[in-house]
Amino acid sequence: MIGKESSLQNFNIKAFQKDLLEWYYANKRDLPWRKDQDPYRVWVSEIMLQQTKVDTVIPYFHNFLEKFPTVHALAAADEQEVLKAWEGLGYYSRARNLQHAVREVVEHYGGQVPDNPKELESLKGIGSYTKGAILSIAFNQPEPAVDGNVMRVFSRVLNIDDDIALPKTKKLFEAITREVISHEDPSSFNQAIMDLGATICTPKSPACLICPVQEYCQGYELGVEQQLPIKSKAKKNKKMPYAVLLIRNEQGEIAIEQRPDDGLLANLWQFPMVPIQEMSVELIENWFYAQYGMRINLGEKQADLKHVFSHLTWELNIFHAKLEHDTRKEEKIVFVTEDELNSYPFPVSHLKMREYL
DNA sequence: GATACGTGGAA
DNA sequence: TTTCCAAGTAT
């Protein structure tokens, strides 16, 4: 690892700050969460923006703030309603953790978002990045908010080849940012680095010729900007084949079930899924009876589709089925009308399946 | 420290 | 088609 001391030798911090901030003041993007410094709005935006593009977040942000305009509104909402507002955005534990944390803010902090690192980081879903983002953007504190943009920009500017996939590398960049951050306008400094990373110092084909800090960039000077940052590869994901059953009862209602309250897509709803190795109608019917206590008649396969996650892929084979005999004791499966489906949060693959109902 | 955790868009 | 990526966090 390169120490921050050697990285910052001969680096003109004041001049870098000045050029970066002047560029930001003239070119900053007009984003809905930049209208004010309301800590709750900043918080919601930062959670939504985790691993998610700005263009994707914008409509969700508007809708979410309309439905839950304050910490009190979000604290009082049903979790299902919150998940429904998050539907399609992904990483759903963000939504559940956010509501959990907001309820803690209402209970322990009188509804005021904490303005110190200790209390902020103790809240569910707030890690080192989000803590720094809230402290700097909402409270004007000179705290680092190191995300992928910051690591990419500083990897190039300071020619640092540490693997940004490693946790310890983030600590290095946090230490560097503490040295480099503007104390006059820490909020703008952090957002400027992120805007620069998103619009100029992009992962592929960075626009070095129009970069406001080109003259400070060792990566550019050495012609290695395309090689930085160093990032180790993710592993290939695993395939998981399922039969998905669109089951109708005699009233024409449709069977859905809620997923477990932890792990993948926690607490979301889905059409019943049967893990399969090979396609066998009897195997599926029998497995379903053993699991749910319901006899079904499997109909014809309607379609298949893939649902690609970060770490695995569902191979979904969609079947119609008819409820034959119901000897259930528990109500794990619920039958609802097509209209009622609209109030349940589903993963995107199951939203797409409604076309085959 | 490695892995789980979503989704849609770009090259 | 495949791969990578995007304002990370929890465990």
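First the proteins, then the strands, lettered A, B, ... as listed; each starts at 1. All figures in this text were calculated on a predicted structure; none of them were measured in a lab.
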- Message: What is the distance, to the nearest angstrom, from the CD atom on A/Glu174 to the P atom on C/dG8?
- Response: 13 Å

- Whole-Å distance between C/dT9 P and A/Asp147 CG? 10 Å

- Query: Does a side chain donor of either A/Asn116 or A/Glu119 reach within less than 3.5 Å of an acceptor in the other side chain?
  - Reply: yes

- Separation of C/dG8 C1' from A/Tyr92 OH (nearest whole Å): 17 Å

- Task: Answer with base, sugar-phosphate or nothing: what part of the nucleic acid does A/Val308 contact at a heavy-atom distance below 4.0 Å?
- Result: base

- Using the P atom on both, measure B/dG6 against C/dT11 and round to a whole Å. 14 Å

- Message: Categorize A/Arg29 for me: base, sugar-phosphate, or nothing, with a 4.0 angstrom heavy-atom threshold over every strand shown.
- Response: base

- Using atom C1' of each nucleotide, how far apart are B/dG1 and C/dG8 to the nearest Å? 16 Å

- Message: In this structure, how many angstroms lie between the P atom of C/dT9 and the NZ atom of A/Lys131, rounded?
- Response: 9 Å

Which atom pairs, donor and acceptor, lie under 3.5 Å between side-chain atoms of residues 46-59 of chain A and protein residues at least two apart or in another chain?
unit_1, atom_1, unit_2, atom_2, d
A/Glu46, OE1, A/Tyr129, OH, 2.6
A/Gln50, NE2, A/Thr130, OG1, 3.0
A/Thr52, OG1, A/Met48, O, 3.3
A/Thr52, OG1, A/Gln50, O, 2.8
A/Thr52, OG1, A/Arg94, NH1, 3.2

- Check the distance between C/dC4's P and A/Asn237's CG and give it to me in whole angstrom. 12 Å

- Query: Can the ring centres of A/Trp86 and A/Phe64 be said to be less than 6.0 Å apart?
  - Reply: yes

- Message: Over all strands shown, is A/Trp314 touching base, sugar-phosphate only, or nothing at heavy-atom distances under 4.0 angstrom?
- Response: nothing

- Message: Under 4.0 Å, counting only non-hydrogen atoms across every strand here, what does A/Gly88 touch: a base, just sugar-phosphate, or nothing?
- Response: sugar-phosphate

- Query: For DNA chain B, what residues of residues 340-350 of chain A have any heavy atom nearer than 4.0 Å?
  - Reply: A/Pro347, A/Val348

Donor-acceptor pairs are to be reported for all side-chain atoms of residues 264-274 of chain A against protein atoms at under 3.5 Å, with residues two or more places apart or in another chain.
unit_1, atom_1, unit_2, atom_2, d
A/Asn267, ND2, A/Glu79, OE2, 2.6
A/Trp269, NE1, A/Gln80, OE1, 2.9
A/Gln270, OE1, A/Arg259, NH1, 2.8
A/Gln270, NE2, A/Glu257, OE2, 3.1

- Query: With sugar-phosphate meaning primed atoms plus P, OP1 and OP2, does A/Arg259 contact a base, only sugar-phosphate, or nothing at under 4.0 Å between heavy atoms?
  - Reply: nothing

- Task: Go through the structure and list residues passing side chain to side chain donor-acceptor pair (under 3.5 Å) with A/Arg156, not counting sequence neighbours.
- Result: none

- Task: Starting from A/Leu209, walk the hydrophobic network (Ile, Leu, Val, Met, Phe, Trp, Tyr; side-chain heavy atoms closer than 4.5 Å) and list everyone else you reach, by chain and number.
- Result: A/Tyr220

- Message: Applying a 4.0 Å non-hydrogen cut-off, can you work out what A/Leu31 is touching in the nucleic acid: base, sugar-phosphate, or nothing?
- Response: base

- Message: Hydrogens and angles aside, do A/Asn190 and A/Ser136 bring a side-chain donor and acceptor to less than 3.5 Å of each other?
- Response: yes

- In plain terms, say whether A/Arg178 and A/Glu174 are close enough for a salt bridge, that is, a side-chain N and a carboxylate O under 4.0 Å apart. no

- Query: Below 4.0 angstrom, N of the basic side chain to O of the carboxylate: do A/Asp195 and A/Lys28 qualify?
  - Reply: no

- Note on the structure: To the nearest angstrom, the CD-C1' distance between A/Glu121 and C/dA10 comes to 12 Å

- Item | Touch class at under 4.0 angstrom, heavy-atom based, for A/Leu89 against every strand present | base

- Task: State which residues pass side chain to side chain contact (heavy atoms under 4.5 Å, CB included) with A/Ala77; sequence neighbours excluded, sorted by chain then number.
- Result: A/Phe68, A/Glu81, A/Val82, A/Gln99

- Indicate whether OP1 or OP2 belonging to C/dT9 is found under 4.0 Å from a side-chain N or O atom of A/Lys170. yes

- A/Thr130 side chain N/O closer than 4.0 Å to the phosphate oxygens (OP1, OP2) of C/dT9? yes

- Item | Neighbours of DNA chain C within residues 51-60 of chain A, by heavy-atom distance under 4.0 Å | A/Gln51, A/Lys53, A/Val54

- Query: Does the pair A/Asp36/A/Arg41 count as a salt bridge with the N-to-O cut at 4.0 Å?
  - Reply: yes

- Query: Can you say whether the rings of A/Tyr242 and A/Trp314 are parallel (under 30°), tilted (30 to 60°) or perpendicular (over 60°)?
  - Reply: perpendicular

- Item | Residue-level proximity of residues 39-46 of chain A to DNA chain B when a heavy atom falls under 4.0 Å | none

- Expressed in angstrom and rounded to an integer, what is the separation of A/Arg152 atom CZ from C/dC4 atom P? 16 Å

- Message: In whole Å, I'd like the distance from the CD1 atom of A/Ile126 to the C1' atom of C/dG8.
- Response: 12 Å

- Identify, with sequence neighbours excluded, every residue that meets salt bridge (Lys or Arg N to Asp or Glu O under 4.0 Å) alongside A/Asp339. none

Show which side-chain atoms of residues 293-310 of chain A pair as donor or acceptor with protein atoms under 3.5 Å away, not counting sequence neighbours.
unit_1, atom_1, unit_2, atom_2, d
A/Asn297, ND2, A/Glu324, OE2, 3.1
A/Lys301, NZ, A/Asp304, OD2, 3.4
A/Lys301, NZ, A/Asn317, OD1, 2.9
A/Gln302, NE2, A/Glu300, O, 2.9
A/Lys306, NZ, A/Glu315, OE2, 3.2
A/His307, ND1, A/Ser349, OG, 2.6

- Query: If you find the nucleotide of DNA chain C closest to A/Arg34 and the one closest to A/Gly125, which residue's nucleotide is nearer the 5' end?
  - Reply: A/Arg34

- Task: Give me the first and last nucleotide of DNA chain B, going 5' to 3', that has any atom under 4.0 Å from a heavy atom of chain A.
- Result: B/dA2 to B/dG8

Donor-acceptor list for residues 245-253 of chain A side chains, cut-off 3.5 Å, not counting sequence neighbours:
unit_1, atom_1, unit_2, atom_2, d
A/Arg248, NH1, A/Gly252, O, 2.8
A/Arg248, NH2, A/Glu338, OE2, 3.1
A/Asn249, OD1, A/Gln251, N, 3.0
A/Asn249, OD1, A/Gly252, N, 3.0
A/Asn249, OD1, A/Glu253, N, 2.8
A/Asn249, ND2, A/Glu253, OE1, 2.9

